[in-house]
Amino acid sequence: MSEIDTPTPYEPRSIEPKWQTRWTERATNTAKLDAPERPFYALMMFPYPSAEGLHVGNLFAFTGSDISARFHRLIGHDVFQPLGFDAFGIHSENYALKVGAHPMELTPKNVGNFTRQLERAGFMIDWNQKVDTSRADYYKWTQWVFLQLHKQGLAYKKAAAVNWCPTDKTVLANEQVEGGLCERCGTPVEQRFLEQWFFRISEYAPRLLNNLDWLDWSPITKQAQRNWIGKSEGAELTFEVPSSGERIAVFTTRADTIYGATYLVLAPEHPLVASITTDAQRGEVAAYQERATKQDLISRKSSKEKTGVFTGAYAVNPATGQNIPIWIADYVLMEYGTGAIMAVPGHDERDFEFAQVFRLPVVRVVAAADQQADTPFDGAAFTDDDKDCRLVNSGRFDGLAVRDAKREVTAWLAEGGHGKGVTNYRLHDWCISRQRYWGPPIPIIYCDDCGAVPVPESQLPVELPFIPDFKPDDSGISPLARHEEWYRVPCPTCGKTARRETDVSDTFLDSAWYFLRYPSATRDDVPFDAARTKTWLPVNSYIGGNEHAVLHLLYSRFITMVLKDAGHIDFEEPFTRFRAHGMIIREGAKMSKSKGNVINPDLYMEEWGADAFRMYLMFLGPYEEGGDFRDQGISGVRRFLDRLWASVRDAVRDGSPDPDVIRKLHRTIKKVGEDTANLGYNTAIAAMMEYMNAVRRGERVPHRAEVEPLVQLVAPYAPHLAEECWEALGHEGSVFNAGWPTFDAAQLVDDEVELVVQVNGKLRGKLRVAADVTQEAVMAQAMADEAIAKFVVGTPKKVIFVPKRLLNIVV
RNA sequence: ACCCGGGUGGUGAAAUCGGUAGACACGCGAGACUUAAAAUCUUGUGCCCCGAAAGGGGCGUGCGGGUUCGAGUCCCGCCCCGGGUACCA
């Protein structure tokens with residue numbers, strides 16, 4: 001053995017590739033899929049493989065997820081952590097259009113680059129089970145999922161408005177429209193009517209809402225879903241139109257205000273408009289309807305000025321028996337409720353505004369405690385409905401509290417055949433049609449004789465052909481519709497020449513079931529293997545961004561429910577636990593390409609090492625809130641890793657460890673374990689740093705027993721260095737098979753504590769006392785301390801003693 | 001407008017139950033090592049005031065009230081920032 005003059009420094013550049021290679025060679029990250037003892041499915045939201053490569057936001061998300069997965073493995077679970085690529089969809093296609101490439105050629109390149117970066121970062125991913133939504137062996141089963149919904153009657157076709165960008169000549173998804181403008185070119189988006197496929201997610205609204213009560217999800221995510229589902233309890237009331245014999249149904253949450261309903265308003269698209277409109281008004285009404293439909297959805301919703309037209313018809317208010325005029329106006333939306341409202345201008349802001357513009361009568365039917373039946377409106381509607389508000393000008397209901405009146409008025413109207421209590425949901429059916437190229441063709445064939453025929457499951461996949469002219473054009477139909485050789489097929493039922501559906505499905509359908517595919521990713525005969533699914537699902541831990549709270553996360557829950565109802569699986573919630581991570585900003589500002597302040601993870605990993613980069617991302621703020629990336633901050637984490645390595649390298653085996661350090665170690669084990677389990681990564685790292693400061697104060701050479709457990713604690717955070725240290729300590733196998741250190745509760749109790757002494761709540765001194773000291777003894781000790789005693793003038797009025805914490809003397 | 005988050009030093013941030021505000025880290029100051037620098041190590045670092053120093057005092061968690069022996073934490077009323085939804089009846 002030769003003495004080495006220069007001790008080996010910490011060199012992430014050499015040890016990180018070394019361990020990445022070993023993990024692959026030794027299959028360290030491969031899960032025991034078929035006979036796990038304690039299966040734990042750790043899932044992170046899969047990325048869309050952009051050409052720019054991994055964004056630091058991806059790395060932040062994945063690192064937090066990876067730490068959780070590695071931690072669960074260390075505490076004894078068989079962890080399965082797969083990853084794949086959300087490679088189909090408009091994002092990929094738009095990028096291909098921008099750079100003039102073909103998505104079918106671009107995607108594998110991007111996937112390759114992503115895979116390299118993910119390996120570079122050292123994630124514990126089981127790459128045997130990867131998924132790529134744009135490959136036929138995956139989207140075959142996406143099409144299968146569509147067919148299951150179709151079979152259940154949950155997929156249907158109807159004409160609906162889509163967003164159309166006249167510059168890009170393409171249909172846009174809602175999420176690609178920002179403030180009424182195309183996100184790519186800034187052109188105002190227009191509205192077009194096209195035949196589209198929808199999924200009946202609205203039928204599942206009550207179940208999607210109710211299950212939130214027991215799901216272990218981040219509260220912010222649950223709240224977002226509740227808002228999106230938008231449960232609204234109210235009543236559907238009917239108004240008769242004597243002139244035409246029609247009955248108009250309206251939805252209201254304020255049935256109590258029926259006596260103040262002075263007119264009705266229908267959405268311009270309402271089906272009854274044509275039959276009730278009088279001849280005199282017909283021209284004006286038609287003109288208004290035309291204008292409303294032509295106008296795009298966004299500007300209609302954003303311009304709040306009230307417009308409308310009188311139909312010439314009247315309806316009978318069932319409460320007052322009076323005839324009230326029927327108007328049409330675009331502030332009433334056909335998509336919500338019944339597409340018609342009873343207008344109560346006295347108690348609804350929008351109705352009030354409308355009534356002002358068209359000089360319609362405003363009647364007070366609700367009054368607060370300090371108001372009378374004839375208190376005038378002060379230029380605005382009175383919308384309060386709290387317990388002090390009572391009905392006025394409402395016949396037999398006068399004096400009733402609003403709360404009770406809602407119920408009683410509805411019951412009374414129901415008795416007279418004028419309505420019933422109903423619950424409405426804001427959630428709309430899910431439009432899954434995309435007039436685009438880069439997605440799974442919807443597996444439907446149109447036959448003149450047989451109608452819309454589902455493609456038989458045995459004929460899946462309906463492969464997406466390679467076509468060079470994938471660019472969408474002005475026609476509003478999918479590029480696939482330009483390829484007769486592809487869409488012309490025999491009808492599966494009668495054999496007559498028929499035509500394939502040329503639209504593809506929404507990217508969100510690809511990702512609405514991918515978690516089911518991972519454990520069975522290598523099977524090509526079934527979408528998911530029954531035994532594996534039973535073993536691994538539902539997902540134990542799902543971590544991702546809250547931007548998907550209402551799209552991906554809701555769709556996944558819906559698809560899971562449908563598959564359960566169809567008997568394919570035996571659970572209806574896909575993710576037992578979901579945690580939303582925060583967002584990373586840089587030097588106080590949002591990162592964006594235009595600002596040129598985007599972090600390139602490769603550069604940081606090159607300079608500081610993947611472990612330091614991972615750990616810094618976790619240290620800069622609470623994981624669930626995100627944080628501010630400061631370029632200088634990473635040096636502190638790197639210093640910690642340098643010191644860890646040096647401590648392990650220099651650790652002595654002889655003699656015994658310092659008992660004070662060991663006591664601190666046990667506290668650290670407890671804290672790091674608890675914090676890591678709760679995603680409190682920043683404070684877990686702080687605790688490890690604090691411990692390191694005790695282990696390696698000055699030139700102190702630590703004992704092996706002081707540093708070895710720390711290597712295990714740091715392993716989820718800095719996996720490469722942990723392995724290197726573990727090996728340096730003489731261990732053969734991976735540190736990830738070594739378990740998690742346990743703490744000794746006896747080491748946590750102090751026999752001596754520092755007690756704070758306050759006088760009138762102000763800190764005046766600190767005393768070291770035995771943990772079980774009595775109040776009398778502390779009091780005596782405090783009064784013997786001149787620095788404290790000088791503030792105690794006269795006899796104390798009161799003394800508060802909190803054992804192990806403080807003594808407060810009140811004078 | 002509504003619904004969620006959040007506001008703490010020069011900076012990123014800590015703070016189970018109401019109990020030492022500012023852990024940990026960056027930055028900065030001082031010192032050791034060095035011919036020098038870097039690296040490393042030691043040490044100081046909320047603000048203000050008195051003091052040569054030792055030391056002492058006051059103030060302090062967005063603003064204004066309140067509860068309490070004691071409030072970053074609880075209650076009432078505001079202001080500001082971030083996110084989501086939005087003519088949803």
Please compare A/V756 and A/R426 by the position of their nearest nucleotide in RNA chain B and report the one closer to 5'.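 Whichever sits nearer the 5' end wins; that is A/V756.
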Which residue lies more 5' along RNA chain B, comparing A/G339 with A/A224 via nearest heavy atoms: A/A224
Between [atom2] on [N] and [atom1] on [X], what's the gap in Å once rounded to a whole number?
{"X": "A/Y336", "N": "B/U85", "atom1": "OH", "atom2": "C1'", "result": "13 Å"}
{"X": "A/K804", "N": "B/G19", "atom1": "NZ", "atom2": "C1'", "result": "15 Å"}
{"X": "A/Q758", "N": "B/G18", "atom1": "CD", "atom2": "C1'", "result": "12 Å"}

Do NZ/NE/NH1/NH2 and the carboxylate oxygens of A/R586 and A/D631 come within less than 4.0 Å?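 Here A/R586 pairs with A/D631 in a salt bridge, since their nearest N and O are under 4.0 Å apart.
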So, does the side chain of A/K797 form a donor-acceptor pair with the base of B/C69 at under 3.5 Å? no
Of all residues at least two apart in sequence or in a different chain, which pass the side chain to side chain contact (heavy atoms under 4.5 Å, CB included) check with A/R639? A/S635
Given that both distances must come in under 3.5 Å, which nucleotide forms a Watson-Crick or G-U wobble pair with [N]?
{"N": "B/G82", "value": "B/C4"}
{"N": "B/U43", "value": "B/G29"}
{"N": "B/U67", "value": "none"}

Tell me if B/C48 is syn or anti. Syn = glycosidic torsion within 90° of 0, anti otherwise. anti
What is the per-nucleotide protein-contact pattern of nucleotides 1-16 of chain B, from the 5' end, where B denotes a base atom under 4.0 Å from a protein heavy atom, S denotes such proximity for sugar-phosphate atoms only, and - denotes neither? --SS------SBSS--
